[in-house]
Amino acid sequence: MTHEFKNLLTTSEIWKNKGIRSVLATVVSLEGSSYRRPGVRMLISETGEMHGAVSGGCVEKEVLFQAESVFKTGIPKVMTYDGRFRLGCEGILYVLLELFEPDSKLTELLKKAFADRKTFQIQSFFKAEFSEDHNYGSFAEIDGATYQFRSSLIKNESSELSVFEQNLKSIFQLYIFGAEHDAVQLCEISSKMGWEVHIIAAPDEQKTIEYFQGATSLATPLMDNIDVSNIGENTAVVLMSHSLNKDVQYLLALRNTNPAYLGLLGPSKRREKLLNELLNYFPDTDDDFFDRIYGPTGLDIGAESASEIAVSIVAEILSVTRNSELKPLKDKSGNIHS
């Protein structure tokens, strides 16, 4: 959800520069099941624009309507949305609506946290009932200091108020080593997921970042100068250069990293060649590194085209990083969001 909050912050800045105020809507509690879980947010402008969503599209009109009083009075409110009667869904949403007026200091601190890939926390105070209260509102905690989302909000940790706490980790990132057509497809789909996508291509590829729709960055380093310092536990890596020699060198550069997922494009025989080459160079490579390797990359969904293969790779990355057991949802008992 971090990428969604980052987008909302950017949108609020744009509106603020035009003299337009914003109301932030946050799902702070849920009884039963719903399309999205607590922590999802959207932004409403006083001109009636909306950015983001707190559901699949059924709740947003009511949020827009309820936000009108917040713009008029400045008093935060909690609205409820009972999907059992309106939609047949088995859940009641509690949505906190508040003016979103982060000062310049908080805005810059949030931007820095995004850039530095730091985790920060958001605390939202509310009552799980349809109500208005000046004490309702949200704070961001960054590096041990607390900052309010609007200047008039004073932290009140009264036992009468509930608090929703959410840790926002660094935005998930994907490193794609390769620059062919299938890398373009994977980049585009992954960026639409909200991931930061970094392309690593050999200098002889002669590609520009415009070729990769949605890419955050493009680097074309020499093989002995590949920067892997930002590859960590909230990162996936896919090797798909279509060159065995290049992929061997990429794998050598990655051997001391700790990504959440490392995928190798190509058949099992190619994977074995890559791993054997790695062991020839570094026979003492840690077993944990090999445990993180998925090759061939992707789930068996019958994919044929480059875009379908990209879907299968993204699906496997999600299943691995979220420890999800693969099965059709129709065969899953209980809530969809476990």
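Everything numeric in this text was worked out from a predicted model, so none of it was measured. Note: hydrogens, waters and symmetry copies are ignored here, and every other heavy atom, side chains too, is used.
Glu108 is linked by a salt bridge (charged side-chain N to carboxylate O under 4.0 Å, His left out) to Lys111, counting only residues two or more places apart in sequence or in another chain. With sequence neighbours excluded, the residues that form a side-chain contact (heavy atoms from CB on, under 4.5 Å) with Asp227 are Ser229. Remark: Arg271 engages no residue in a side chain to side chain donor-acceptor pair (under 3.5 Å) (not counting sequence neighbours). Take Lys273 and apply the side-chain contact (heavy atoms from CB on, under 4.5 Å) test, not counting sequence neighbours, and it matches Leu244. Under the side-chain contact (heavy atoms from CB on, under 4.5 Å) criterion, Glu165 pairs with Gln121, Gln123, Val163, not counting sequence neighbours.
Side-chain atoms of Ser138 and Glu98 include a donor-acceptor pair closer than 3.5 Å. No hydrogens or angles considered: a donor-acceptor pair under 3.5 Å links the side chains of Thr235 and Gln173. There is no side-chain donor-acceptor pair under 3.5 Å between Glu129 and Thr80. If you check the side chains of Tyr94 and Glu31, you find a donor sitting under 3.5 Å from an acceptor. Side-chain atoms of Thr297 and Tyr261 include a donor-acceptor pair closer than 3.5 Å. For the residue pair Ser241 / Ser243, no side-chain donor-acceptor distance below 3.5 Å is found, with atom types taken as modelled. If you check the side chains of Ser69 and Lys77, you find a donor sitting under 3.5 Å from an acceptor.
The shortest distance between side-chain heavy atoms of Asp182 and Ile309 does not fall below 4.5 Å.
Taking the charged nitrogens against the carboxylate oxygens, Arg292 and Asp286 have no contact shorter than 4.0 Å, which rules out a salt bridge. One finds a salt bridge joining Lys6 and Glu196 here, because a Lys/Arg side-chain nitrogen approaches an Asp/Glu carboxylate oxygen to under 4.0 Å. The residues Asp143 and Lys118 are annotated as salt-bridged, a charged nitrogen and a carboxylate oxygen being separated by less than 4.0 angstrom.
Note on residues 185-207: pairs passing ring pair (Phe, Tyr, Trp, His ring centres under 6.0 Å), not counting sequence neighbours, are Phe172-Trp195, Tyr175-His198.
Of the possible donor and acceptor atoms, one in the side chain of Glu60 sits under 3.5 Å from a partner among the backbone N and O of Val54. Under a 3.5 Å cut-off, the side chain of Glu272 and the backbone N or O of Lys269 do not form any donor-acceptor pair. With hydrogens and angles ignored, the 3.5 Å screen pairs no side-chain donor or acceptor of Thr26 with any backbone N or O of Val28. Using a distance-only test at 3.5 Å, with no hydrogens or angles considered, no donor-acceptor pair links the side chain of Glu233 to the main chain of Pro259.
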Between Tyr136 and Phe125, does the ring-ring contact (aromatic ring centres under 6.0 Å, His included) criterion hold? Intermediate values first, please.
CA-CA 5 Å; Tyr136 292 171; Phe125 293 86; 9.8 Å; no

